[in-house]
Amino acid sequence: MAFEPVVQSLLDTDLYKFTMWQPLLHRHAQNQAAYRFVLRNEPLYPLAELVDAVNAQLDHLCRLSFTGDELDFLAGLRFMRSDFIDFLRIFRFQRDFVRAWAEGDALRIEARGPQVHVMGFEIFVLAIVNELYFRRFDRDAAWTEGRRRLNDKVAQLRAFGEEPPLAHPFEFFDFGVRRRYSRDWQREVIATLAKELPQFFKGTSNVLLARDLDIVPIGTMGHEYLQTFQGVGVRLRDFQRAALEEWVQEYRGDLGIALTDTVGMDAFLADFDLYFAKLFDGLRHDSGDPVAWGEKALAHYAALRIDAHSKRLVFSDSLDVDKAIALYRHFGDRVQLGFGIGTGLTNDVGLKPLNIVMKLVECNGQPVAKLSDAPGKTLATDETFLAYLRQVFKVT
């Protein structure tokens, strides 16, 4: 078969890669980092079989650069600084900084080097592995089933729209680049939702699709941004505060949704004092019981005497339409809401999705870790450091 690139534009990634990239370039350009690919479930065939194809796709990725039109779009986002755009103008991924190899049946991928040169690999690597994996299955059958399920979602949300409105609107977004069935399928899904459900569908994390379809690009920070501050010289107990403070200084009111589960919600709220609670527009849930998390968030705002109606809770952990609607019914009269749906939108085609991530595991020569509110999402390569992190933040 002729080579077909999975990635054809460097905008075909999540907005939050750019919004994390910019402050790290401005304040931590010297960071050295390592990112590692992790498979969390059992594939239908060994991913090691993809290694040659993955390497060919990485070769292609490292030949791409940002076009003038792409840079113009990014520059038009008011929170993007001109010096960052100038950096992107000359940026190109370096092939020496990423490698993929087979180890038995397992596919191993690692990006290692200056953080501002390797952090961007994550979403592209995940999209490449996903698309190559699903190319071995019947495309026509997957698209047929995917369209049927997509039409069902549209019908379900139209029926939901007949319910009496709550105090705040129901709004959802696409967060599905990393685990999509394919590039073309994601485009069809997002175009359909934007056309059929404009009252509910409010944006996508995919910067390329946001540009091409004239919809809002969505995203703020991910775990890697906060984890980076475990390795930049601040006291470990203070890493969340340092990360949030630098975010505030970088964006000065823009991009105000903070991620809460790098060391768990309780430890986050201990650092999220009145200062940060007033400066940030809201919080994002990405692990653990979403109802319990939301109730903790609302109780925290109440204790700080902050009107929750002025804040937003964003849910993005393994959502589908049913879960999003249920959460909306629970919280919709009490706080602004947003729902980021990923795999449930872009890889719901009747095939078992891969559960894959590519996470920051090392910064400036020392391990970093995530203590998730869901045990299966805790990620660390150094058990000694993980135990120390638990002790510092009193996480059992």
For the student: nearest non-hydrogen atoms of [X] and [Y], plus distance:
{"X": "A33", "Y": "L360", "answer": "CB-CD1, 3.7 Å"}
{"X": "V98", "Y": "L58", "answer": "CG2-CD1, 4.2 Å"}
{"X": "H223", "Y": "D286", "answer": "CE1-OD2, 3.1 Å"}
{"X": "I109", "Y": "A100", "answer": "CG1-CB, 3.9 Å"}
{"X": "E196", "Y": "V154", "answer": "CB-CG1, 4.0 Å"}

Just checking, is any N or O donor in the side chain of [X] or [Y] under 3.5 Å from an acceptor N or O on the other one?
{"X": "E250", "Y": "Q22", "answer": "yes"}
{"X": "Q32", "Y": "N364", "answer": "no"}
{"X": "H26", "Y": "E246", "answer": "no"}

*asked:* Let's go through F3 and H60 carefully: what are the C-alpha distance in whole Å and the side-chain angles of both, what is the deciding distance for side-chain contact (heavy atoms from CB on, under 4.5 Å) to 0.1 Å, and is it a yes or a no?
replied: CA-CA 10 Å; F3 177 77; H60 172 78; 3.9 Å; yes

*Yes or no on side-chain hydrogen bond (donor to acceptor under 3.5 Å, both in side chains) for Y181 and E131, after CA distance, side-chain angles and deciding distance?*
CA-CA 6 Å; Y181 169 77; E131 186 149 349; over 6 Å; no

Quick one: sort the [X] and [Y] rings into parallel, tilted or perpendicular, breaks at 30° and 60°.
{"X": "F84", "Y": "F87", "answer": "parallel"}
{"X": "F66", "Y": "F91", "answer": "tilted"}
{"X": "F172", "Y": "F170", "answer": "tilted"}
{"X": "F93", "Y": "F124", "answer": "perpendicular"}
{"X": "W293", "Y": "F315", "answer": "perpendicular"}

Pairing of [X] and [Y] as salt bridge, 4.0 angstrom limit:
{"X": "K153", "Y": "D348", "result": "yes"}
{"X": "E362", "Y": "R36", "result": "no"}
{"X": "R63", "Y": "D59", "result": "no"}
{"X": "D266", "Y": "K296", "result": "yes"}
{"X": "E122", "Y": "K17", "result": "yes"}
{"X": "D238", "Y": "R235", "result": "yes"}
{"X": "R183", "Y": "D12", "result": "no"}
{"X": "K323", "Y": "D317", "result": "no"}
{"X": "R312", "Y": "D281", "result": "no"}

Is any side-chain heavy atom of [Y] closer than 4.5 Å to one of [X]?
{"X": "M20", "Y": "W247", "value": "yes"}
{"X": "R179", "Y": "N355", "value": "yes"}
{"X": "L226", "Y": "V263", "value": "no"}
{"X": "E49", "Y": "R136", "value": "yes"}
{"X": "T228", "Y": "L24", "value": "yes"}
{"X": "V177", "Y": "T13", "value": "no"}
{"X": "F201", "Y": "V216", "value": "no"}

Does any N or O in the side chain of [X] come within less than 3.5 Å of the main-chain N or O of [Y], such that one atom is a donor and the other an acceptor?
{"X": "E70", "Y": "T67", "result": "yes"}
{"X": "T260", "Y": "M265", "result": "no"}
{"X": "N130", "Y": "R178", "result": "yes"}
{"X": "Y251", "Y": "P23", "result": "no"}

*Within 45° of the axis and under 6.0 Å from the centre of the six-membered ring of W185, does NZ or CZ of R187 qualify?*
no

Check: [X] ring centroid to [Y] ring centroid under 6.0 Å:
{"X": "Y133", "Y": "Y45", "value": "yes"}
{"X": "Y328", "Y": "H168", "value": "no"}
{"X": "Y225", "Y": "Y16", "value": "no"}
{"X": "Y275", "Y": "F280", "value": "no"}

Give, for atom [atom1] of [X] and atom [atom2] of [Y], the distance between the pair rounded to the nearest 0.5 Å.
{"X": "H309", "Y": "D333", "atom1": "NE2", "atom2": "CG", "value": "8.0 Å"}
{"X": "K311", "Y": "I257", "atom1": "NZ", "atom2": "CD1", "value": "9.0 Å"}
{"X": "T220", "Y": "L283", "atom1": "OG1", "atom2": "CG", "value": "10.5 Å"}

State whether the number of non-hydrogen atoms from other residues, nucleotides or ligands found under 6.0 Å of [X] atom [atom1] is greater than 12.
{"X": "E42", "atom1": "CD", "value": "no"}
{"X": "R252", "atom1": "CZ", "value": "no"}
{"X": "D307", "atom1": "CG", "value": "yes"}

*asked:* Between R149 and E145, is the salt bridge (charged side-chain N to carboxylate O under 4.0 Å, His left out) condition met? List the steps.
replied: CA-CA 6 Å; R149 296 185 181 200; E145 178 62 15; 2.7 Å; yes

*Would you sort out whether D322 and Q156 count as a side-chain contact (heavy atoms from CB on, under 4.5 Å), showing the intermediate values?*
CA-CA 9 Å; D322 289 335; Q156 179 183 6; 2.4 Å; yes

_If you apply the rule side-chain hydrogen bond (donor to acceptor under 3.5 Å, both in side chains), what do you find for R99 with N55, and how did you get there?_
CA-CA 8 Å; R99 65 190 188 106; N55 275 309; over 6 Å; no

_Walk me through whether L15 and N206 qualify under side-chain contact (heavy atoms from CB on, under 4.5 Å)._
CA-CA 6 Å; L15 178 67; N206 186 314; over 6 Å; no

_I128: which of V125, L126, L132 passes side chain to side chain contact (heavy atoms under 4.5 Å, CB included)_ = L132

*Group every Ile, Leu, Val, Met, Phe, Trp and Tyr by side-chain heavy-atom contacts under 4.5 Å, then state whether I90 and M80 land in the same group.*
no

